[in-house]
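Structure, as C-alpha cells:
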Amino acid sequence: MRFSQLVLLGTFLCSSVVLADNWPQWRGPAGDGVSQEKGLPIAWDEESAVKWKCDLPEWGNSTPVIWEDAIFLTSQENDERLLLLKINKQTGKIEWTREVGTAKTPRPRGDVKWDKSRGHQKFDLTHNLASPSPVTDGEVVIVHFGNGDLAAYDFDGNQLWKRNLQDDLGQYTIWWGHANSPVLWKHLVISVCMQDSLADLEETEKPAVSYVVAHDKRTGRQRWLKMRSTEAMSEPCDSYVTPLLRNNAGQTEVVVMGGLVLDAYRPVDGERLWYLPGLVGNRTITGPVTAHDMIYITQGMKRAMLAVKPGGDGERTRDDVVWSLDQGTPDSPTPVVWGELLYLVSNNGIARCLDAHTGQLQWKARLDGDYRASPLAAEGRVYFLNTKGLTTVVSASSRLDKLTENQLDDTTFASPVTSDGMLFIRGHKRLYCLRP
C-alpha cells in the first residue's frame with residue numbers, strides 16, 4: 001500500500017507514531033473529526049468519483065474504522081444477526097463476515113414520540129443495535145453492540161474473546177437505545193454506560209448504574225470499573241456519547257460527558273481527575289471535542305454549547321467556562337474544529353461557524369435536509385452529510401464559501417471517514433469509496 005504522511009499524536013495510542021491514512025476509531029485518529037489527508041474528493045455523485053460501492057447486509061449507523069487496507073464495519077441483518085465485516089480498502093470486496101451474536105432491537109411499546117415507560121431500552125426508529133462504532137489498533141478490532149455484546153477479533157477473523165456488559169453490570173435502562181462506542185488506550189478497551197438511574201421511582205428497589213469500565217484488549221478481563229453517579233434524574237441521565245482521549249499537559253485523560261456532568265478519568269486505573277457538575281440540559285448525544293486547551297460540549301437536547309477550560313483537579317466551577325452559545329446548537333452532530341474556527345450543524349440543517357476562542361459567530365447558513373452525521377474537516381474544507389445522502393462541502397474559513405453539493409442514493413446517518421486520499425461514506429444499503 002501507499003504510505004501517507006506521519007503525524008505524532010502525543011500520548012494517543014501508546015504515544016506511538018500513527019499513520020495518517022488510518023482511521024482507527026469513531027471520529028478518527030484523535031477522535032475529533034479532523035483528517036490530515038490530502039487529495040480528497042470535492043465533487044461526486046452515484047457514478048462519478050466512485051472508486052467502488054460495497055453492498056452491505058442492512059443495516060446500521062456505525063462508522064467504518066480503517067487500518068492500512070482493512071476496513072471494519074458492523075451491521076445488523078434482519079434485525080437479528082449482529083455482524084462484523086472486513087472489507088478490502090482497495091477493491092471494496094468483503095473478505096469475511098463474522099456473526100458476533102444475535103439479538104432483536106428493542107422497539108417502543110407504542111408511539112415512539114410518546115412512550116415514556118422506563119427501566120428498559122426502546123430504540124429510536126432511526127437506529128438499531130449496530131450504532132456503536134468499532135475501534136482498532138492494528139492488532140485487534142473491538143466491536144460493541146447495543147445489546148451489550150463486547151468482543152475482540154484479530155485481522156483474520158478469529159474471535160479472541162467475548163462478553164456482554166448487560167450480563168456483567170446490569171440491564172441497560174437508557175431511554176432510546178445504547179449507542180456508545182469503545183476506545184482503546186494501550187492494552188485497555190474503555191467503555192461507558194450512562195443511563196436512567198430510576199432513583200426517583202418509588203417502586204425501584206435497586207437503582208440502575210452508570211459507569212466507566214476498562215477491559216484487557218487481549219483477554220477481555222475486566223481491569224477496572226468506576227461507578228459514575230450524578231444528580232441527574234430520568235432522561236437527563238442518558239448519554240450516547242463516546243469517551244474522548246485528551247492530552248492534558250502530557251498526560252492522557254478519558255473525557256466523558258453526560259448526566260449533566262463533564263468529567264475526566266485516568267485511563268490506567270479509572271481514577272476520576274476532575275469534574276464539572278451542575279450543567280443544565282437533558283440527555284446528551286453530541287460528543288465532546290477538544291482543541292486550544294478547551295473542551296467543547298453541548299448540554300443535551302439543543303441546550304447551550306460551552307467551551308470549557310478545566311483549570312485543575314477535583315470539582316470545577318463555572319469559572320472554567322470560557323464562552324457559551326445558547327441558540328442553534330446541535331442535538332446529534334458533534335462539532336469540528338479546523339484551525340481557529342469551530343463548525344457545527346443543527347439537526348434541522350442550520351450550520352454555523354464560530355471563533356473557537358471566543359464563540360463569536362462568523363457565519364450562519366441553512367443547508368438542505370436533516371443531519372445526524374458529524375461534520376468532517378480536511379484540507380481546509382468542512383464536509384456536512386445529511387440523512388439522505390447529500391454532502392455539502394464548504395471552505396473552512398470565516399466567510400461562507402459553499403463549494404459543492406454531492407448526492408448519493410442512500411440513507412446516511414453515519415459520519416464520513418477518510419483514508420489514503422479517499423473518502424468513505426456508509427449508508428444503510430452500501431459503503432461508498434470516493435476519490436477524485
Side-chain angles (χ1 to χ4, degrees), residues 6-34 36 63-68 70 72 74 84 132-144 149-156 158-163 165 168-169 180-193 211-228 241-257 263-274 287-290 295 310 313 417 419:
L6 299 177
V7 290
L8 184 63
L9 297 179
T11 59
F12 179 69
L13 290 177
C14 312
S15 302
S16 61
V17 175
V18 179
L19 291 172
D21 63 353
N22 290 331
W23 191 274
Q25 63 173 352
W26 161 247
R27 302 213 77 208
D32 58 4
V34 174
Q36 302 299 326
T63 63
V65 297
I66 303 174
W67 194 276
E68 297 185 354
F72 297 100
T74 59
L84 169 64
S133 298
V135 61
T136 184
D137 60 359
E139 296 180 4
V140 301
V141 56
I142 308 294
V143 294
H144 182 46
D149 280 350
L150 181 69
Y153 289 80
D154 65 22
F155 277 38
D156 292 324
N158 299 306
Q159 188 179 93
L160 305 177
W161 53 266
K162 177 185 173 183
R163 61 193 308 149
L165 298 187
D168 293 347
L169 299 169
N180 313 69
S181 303
V183 295
L184 278 167
W185 181 81
K186 295 188 177 182
H187 63 284
L188 296 179
V189 183
I190 300 175
S191 309
V192 298
C193 174
Y211 54 82
V212 187
V213 64
H215 296 90
D216 191 295
K217 74 168 188 177
R218 296 158 297 196
T219 67
R221 178 183 174 188
Q222 182 178 298
R223 291 298 183 180
W224 53 258
L225 171 68
K226 295 296 178 181
M227 298 303 176
R228 190 178 185 273
V241 171
T242 296
L244 176 69
L245 295 174
R246 172 183 181 243
N247 182 7
N248 182 16
Q251 296 188 355
T252 301
E253 298 177 341
V254 181
V255 177
V256 178
M257 174 61 199
D263 55 9
Y265 299 81
R266 191 164 62 191
V268 67
D269 58 8
E271 179 185 349
R272 187 156 79 164
L273 301 173
W274 55 263
V289 175
T290 183
I295 303 170
D313 298 332
V417 310
S419 175

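Positions are given from 1 along the sequence.
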- [ ] Could you list the residues that satisfy ring-ring contact (aromatic ring centres under 6.0 Å, His included) with Tyr211, not counting sequence neighbours?
- [x] none
TODO: Could you grab the distance from atom CG of Asn180 to atom SG of Cys193, nearest 0.5 Å is fine?
DONE: 7.0 Å
Task: Sub-4.5 Å side-chain heavy-atom contact between Pro288 and Val241 - done: yes
- [ ] Drop me the distance from Thr252's OG1 to Arg266's CZ, to the nearest 0.5 angstrom.
- [x] 12.0 Å
Open item on the list: I'd like to check Trp67 versus Phe155 (side-chain heavy atoms, cut-off strictly below 4.5 Å). Are they in contact?
Closed with: yes
- [ ] Test side-chain contact (heavy atoms from CB on, under 4.5 Å) on Arg228 and Asp263 and set out the steps.
- [x] CA-CA 10 Å; Arg228 190 178 185 273; Asp263 55 9; 3.2 Å; yes
Task: Minimum-distance pair of heavy atoms, taken over all atoms of Pro310 and Ile295 - done: CG-CD1, 4.1 Å
Task: Any donor-acceptor N/O pair, Asn22 side chain to Pro24 backbone, under 3.5 Å - done: no
Task: Worked verdict on Phe72 versus Val135 for side-chain contact (heavy atoms from CB on, under 4.5 Å) - done: CA-CA 9 Å; Phe72 297 100; Val135 61; over 6 Å; no
TODO: Please report the shortest heavy-atom distance between Lys186 and Lys217, naming the atom on each side.
DONE: O-CD, 4.0 Å
Open item on the list: Within the 4.5 Å heavy-atom criterion, are His215 and Leu165 side-chain neighbours or not?
Closed with: yes
Open item on the list: I need the Ile190 CD1 to Leu184 CG distance, nearest 0.5 Å.
Closed with: 8.5 Å
Open item on the list: With rounding to the nearest 0.5 angstrom, report the OG1 to NE2 distance, Thr219 to His187.
Closed with: 9.0 Å
- [ ] Compare all side-chain heavy atoms of Thr290 with those of Val255 and state whether any distance is below 4.5 angstrom.
- [x] no
Open item on the list: Taking the side chain as everything from C-beta on, heavy atoms only, tell me whether Trp185 gets closer than 4.5 Å to Val254.
Closed with: no
TODO: Would you mind reporting whether Arg27 and Thr242 have side-chain heavy atoms less than 4.5 Å apart?
DONE: no
Open item on the list: Could you work out, with ring-ring contact (aromatic ring centres under 6.0 Å, His included) as the rule, every residue matching His144, not counting sequence neighbours?
Closed with: His178
Open item on the list: Quick one: does any side-chain atom of Asp269 pair with a main-chain N or O of Glu271 as donor and acceptor, under 3.5 Å?
Closed with: yes
TODO: Check whether any side-chain heavy atom of Leu169 sits under 4.5 Å from a side-chain heavy atom of Leu225, and report yes or no.
DONE: yes
Open item on the list: What's the separation between atom CH2 in Trp26 and atom CG in Leu244, rounded to the nearest 0.5 Å?
Closed with: 12.0 Å
- [ ] Would you name the heavy atoms of Leu188 and Pro267 that are closest together and state the gap between them?
- [x] CD1-O, 3.3 Å
Task: Interatomic distance, Asp32 atom CG to Leu245 atom CG [nearest 0.5 angstrom] - done: 11.5 Å
Task: Heavy-atom closest contact (Ser181 atom, Ser133 atom, distance) - done: OG-N, 2.7 Å
TODO: Mind listing the closest non-hydrogen atom pair of Arg163 and Gln222 along with its distance?
DONE: NH1-N, 3.6 Å
Open item on the list: Using every non-hydrogen atom in the two residues, find where Pro64 and Val417 come nearest and quote the distance to one decimal.
Closed with: O-CG1, 3.8 Å
Open item on the list: Quick check: do Asp149 and Lys162 have side-chain heavy atoms less than 4.5 Å from each other?
Closed with: yes
